[in-house]
Amino acid sequence: MEFNVYQENARQFANYHKELGPFSVILSLVSNVGNLSNKLYYALEGNEGGFSDEEKLKVAISLGDIVYDISNIAADLQINFDEIIALNLKKLEMAKEQEIKSNNRK
C-alpha cells in the first residue's frame, strides 16, 4: 500500500478528544513511542539481544501505531506522506553531501 493511500484510509479512524483537539494525536504519538521503547527494552533485556516472533509482532504493531499518529498529524497540517518522504530524502541527501565534504577537508 502506498503511503498516501494509507494516510487517506487512516483518517476514517481519527477520533480526537474534544478538549484537546488535534493535540491529542501528539500526546498519542509520545505515548506510542514510549510503548515501543518499553517493548524493545524488555525484549532485548530478556533475550540477550534477540527477538521472538511474538515480540517482533508486538514491535510491528507499535510501529504501526506511530505511523498512524504521524499520518494524522500530517493530514491535520494538509501535508501528504509523499511530500514528507521527498523532503526527508532530500534532507538526508544534503546531510550526506555535507558529511562527504567535511571528510574531504580533513
Side-chain angles (χ1 to χ4, degrees):
M1 175 181 290
E2 292 185 20
F3 281 119
N4 282 344
V5 173
Y6 170 84
Q7 187 178 29
E8 291 170 16
N9 289 328
R11 288 302 280 175
Q12 69 181 307
F13 303 105
N15 186 17
Y16 300 153
H17 294 95
K18 290 182 182 173
E19 308 84 50
L20 298 175
F23 294 108
S24 64
V25 180
I26 295 168
L27 296 174
S28 177
L29 174 62
V30 171
S31 175
N32 284 324
V33 169
N35 288 338
L36 173 63
S37 177
N38 284 336
K39 287 177 179 133
L40 292 171
Y41 173 78
Y42 289 113
L44 291 171
E45 185 178 70
N47 295 325
E48 299 176 15
F51 290 89
S52 69
D53 289 343
E54 181 182 347
E55 289 165 331
K56 285 180 185 178
L57 178 60
K58 288 179 182 179
V59 166
I61 290 169
S62 288
L63 288 169
D65 291 339
I66 292 167
V67 170
Y68 171 75
D69 289 336
I70 292 169
S71 170
N72 280 305
I73 292 168
D76 287 338
L77 296 170
Q78 298 177 340
I79 304 169
N80 68 47
F81 266 19
D82 284 341
E83 292 175 75
I84 293 169
I85 292 166
L87 287 169
N88 184 255
L89 289 174
K90 183 66 177 171
K91 180 194 88 163
L92 293 170
E93 179 183 331
M94 290 170 62
K96 185 69 173 177
E97 289 171 2
Q98 269 309 105
E99 179 184 335
I100 291 169
K101 287 179 185 177
S102 177
N103 287 337
N104 286 340
R105 289 184 197 138
K106 293 179 182 178

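Remember, it's a predicted structure, so these values are computed and weren't measured experimentally.
By the 4.5 Å heavy-atom criterion applied to side chains, K58 and L36 are not counted as neighbours. N32 has its side chain out of reach of Y68: every pair of non-hydrogen atoms, C-beta onward, lies at least 4.5 Å apart. Put simply, the side chain of F23 reaches to within 4.5 Å of the side chain of I26, judged on heavy atoms. At a threshold of 4.5 Å between non-hydrogen side-chain atoms, the residues K91 and M94 do not count as touching. In this structure the side chain of E55 never reaches within 4.5 angstrom of the side chain of V59, judged on heavy atoms.
When the side chain to side chain donor-acceptor pair (under 3.5 Å) test is applied to Q7, no partner is found at least two apart in sequence or on another chain.
Crowding of N103 atom CG: a count of heavy atoms from other residues, nucleotides or ligands under 6.0 Å exceeding 12. In the displayed structure, Y6 atom OH is contacted under 6.0 Å by more than 12 heavy atoms of other residues, nucleotides or ligands. Few gaps surround CD on E93; more than 12 heavy atoms of other groups in view lie less than 6.0 Å from it. Crowding of E2 atom CD: a count of heavy atoms from other residues, nucleotides or ligands under 6.0 Å not exceeding 12.
Using a 3.5 Å distance cut-off with no hydrogens or angles, the side chains of N35 and S62 do not pair a donor with an acceptor.
Clustering ILVMFWY residues whenever any of their side-chain heavy atoms sit less than 4.5 angstrom apart, transitively, puts F51 in a cluster other than the one holding I61. At a threshold of 4.5 Å between side-chain heavy atoms, the hydrophobic network of Ile, Leu, Val, Met, Phe, Trp and Tyr places L57 and Y42 in two separate groups. Y41 and L63 sit in two unconnected hydrophobic clusters of ILVMFWY residues. Membership requires side-chain heavy atoms under 4.5 Å apart, directly or through other members. Transitive grouping of hydrophobic side chains (ILVMFWY, heavy atoms separated by less than 4.5 Å) brings I66 and M1 into a common cluster.
Atom CD1 of I70 is separated from atom CG of D65 by 11.0 Å, given to the nearest 0.5 angstrom. Atom CZ in F3 sits 9.0 Å away from atom CG in D82 (nearest 0.5 Å). Distance check, rounded to the nearest 0.5 Å: OG of S71 to CD1 of I79 gives 11.5 Å. Note that CG of N104 and CD of E99 are 10.5 Å apart. Values are rounded to the nearest 0.5 Å.
When all heavy atoms of F81 and N4 are compared, the pair lying nearest together is N-OD1, 2.9 Å. Listed here is the closest heavy atom pair of A10 and N72: O-OD1, 4.4 Å.
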### Query
Please walk me through it: do K96 and L92 pass side-chain contact (heavy atoms from CB on, under 4.5 Å)?
CA-CA 6 Å; K96 185 69 173 177; L92 293 170; over 6 Å; no

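Not one N or O on the side chain of E8 forms a donor-acceptor pair closer than 3.5 Å with the backbone of V5. In this structure, N88 contributes its side chain and I84 its backbone to no donor-acceptor pair below 3.5 Å. Between the side chain of E83 and the backbone N or O of N80 there is at least one donor-acceptor pair closer than 3.5 Å.
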